[in-house]
Amino acid sequence: DKQPVRVAVTGAAGQIGYALLFRIASGALLGPDQPVSLRLLEITPALKAVEGVIMELDDCAFPLLHSVEATDDANVAFDGASVGLLVGARPRSRGMERADLLEANGGIFKPQGQAINAHAADDIKVLVVGNPANTNALIAASNAPDVPKDRFHAMTRLDHNRAIAQLSKKTGAAVKDITNVTIWGNHSATQYPDIFHAKVNGQNAAELVNDQAWLENDFIPTVQKRGAAIIDARGASSAASAANAAIDHVHDWVLGTPAGDWVSMSVPSDGSYGVPEGIISSFPCTTKPGGEYEIVQGLEIDAFSRARIDASANELVEERAAIRQLGLI
Ligand code: NAX
């Protein structure tokens, strides 16, 4: 029998946490034969709510759930963890400037990076979901100097899945027949969903659609602003779809992407495609079982895509300058 893998989840009492934990415990994250041990991190006032979630996890009697523990101490939560899902973050409140938002999140992701550095397992893989996810991931990575930088990712898989869904609606093709979609840049309204390399039943998606007006005025803004549309309709931000995307990201990171396809992951830039080195930006990535990923190389980028990739990367460069100024990295 396999030894349990320890998975740390922050913000466990939140709405994404509630959609995420049951799927991790069911085997959707690491596979149907891999037992998991959950460590749930929350702020002290939310620990009681977490106890309620643990009662429900118990009541599912998941065969793969080896143990669950809740704590308000990051050093305990990340102790021995091989996977860290960093979901809890400080949301932007009314009138909050970007610097205030980054500073408030620095107060969360700096100590969590330090705790990961000191206590996580050697094979730790971290996915940051809490916004501003890309820059929060950079704060955590920068405060974990002994952990390889490529173990810190931010989530743009929800955007990737949203792009596939929109393309499926437009073309009438099944989701399973759509491959090679890419999200470039930041998980923000500047992100660039790219269908110029995407395929629908093996055919180039942009050529098949052949509708520049739809691309510019419908597809791209719909994907960029989908989070706001869901808040508007549901009265709360995306939770189940965000949890699903987090499962997809880590599942594929650990278990590999299908041959011929890729996924969008925000990873530390190595300068590929002219994206400034060091920022955590979204790229098309392939993975192999065991946890290595590679940025797909050699895609042709035309002027339309170039301008959009640059705009989103520039936003990340500005956020990096702001967290440097605040002494967070
Ligand atoms: P909730 O407000 O429901 O839950 C967040 C939880 O985090 C709360 O229970 C809070 O007590 C906890 N928390 C706060 N500080 C903490 C700390 N220092 N340590 C541990 N826990 C802490 O938010 P939810 O809807 O679950 O969203 C969580 C985050 O995901 C938000 O930052 C949100 O913006 C972000 N999202 C990111 C997405 C992405 O694609 N990258 C999409 C969905 C979502 O908007």
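Residue numbers start at 1 and run along the sequence shown. When a ligand or atom number is given, it counts from 1 through the structure's own listing order.
Between D211 and K170 there is a salt bridge, since at least one side-chain N of the basic residue sits less than 4.0 Å from a carboxylate O of the acidic one.
Checked against L299 for a side chain to side chain contact (heavy atoms under 4.5 Å, CB included), the options F196, F283, W262 give a single hit: W262. In summary, of the residues considered (I24, I16, L41), a side chain to side chain contact (heavy atoms under 4.5 Å, CB included) with V9 occurs for I24 alone.
The atoms of ligand 1 that sit less than 4.0 Å from any heavy atom of A89 are 32 (O). Less than 4.0 angstrom separates some heavy atom of S237 from each of these atoms of ligand 1: 25 (O). Within ligand 1, counting atoms from 1 as listed, the ones closer than 4.0 Å to a heavy atom of G11 are 6 (C), 7 (O), 12 (C), 20 (C), 21 (N).
Protein heavy atom in closest approach to atom 33 (C) of ligand 1: N131 ND2, 3.7 Å. Looking only at heavy atoms of the protein, atom 26 (O) of ligand 1 is closest to I16 N, 2.9 Å. Here the protein heavy atom with the shortest distance to atom 5 (C) of ligand 1 is G14 CA, 4.1 Å. Atom 16 (C) of ligand 1 has as its closest protein heavy atom I43 CG2, 3.5 Å. Among protein heavy atoms, atom 28 (C) of ligand 1 sits closest to V87 O, 3.3 Å.
Scanning for ring pair (Phe, Tyr, Trp, His ring centres under 6.0 Å) contacts around F62 gives an empty result, with sequence neighbours left out. Judged as a ring pair (Phe, Tyr, Trp, His ring centres under 6.0 Å), and not counting sequence neighbours, H160 has no contacts.
Geometrically, R306 does not engage F304 in a cation-pi contact, judged by NZ or CZ lying under 6.0 Å from the ring centre and within 45° of the ring axis.
Heavy-atom neighbours of Q297 CD from other residues, nucleotides or ligands within 6.0 Å: above the threshold of 12.
Checking only distances, A13 never comes within under 3.5 Å of ligand 1, N or O to N or O. At under 3.5 Å, not a single nitrogen or oxygen of D159, backbone or side chain, sits near a nitrogen or oxygen of ligand 1. Close N/O approach between S238 and ligand 1 is not found [any backbone or side-chain N/O within under 3.5 Å].
Not a single heavy atom of R157 sits under 4.0 Å from any atom of ligand 1.
Counting heavy atoms under 4.0 Å from ligand 1, residue L158 touches it through the side chain alone.
The residue among R92, R162, E42 with a heavy atom at the shortest distance from atom 13 (N) of ligand 1 is E42. Residue nearest to atom 3 (O) of ligand 1, selected from Q15, H160, H249: Q15 (by heavy-atom distance).
Although no hydrogens or angles enter the test, the distance criterion places a donor-acceptor pair under 3.5 Å between the side chain of D261 and the main chain of N180.
For the pair Q166 and R226, the minimum side-chain heavy-atom distance is below 4.5 Å.
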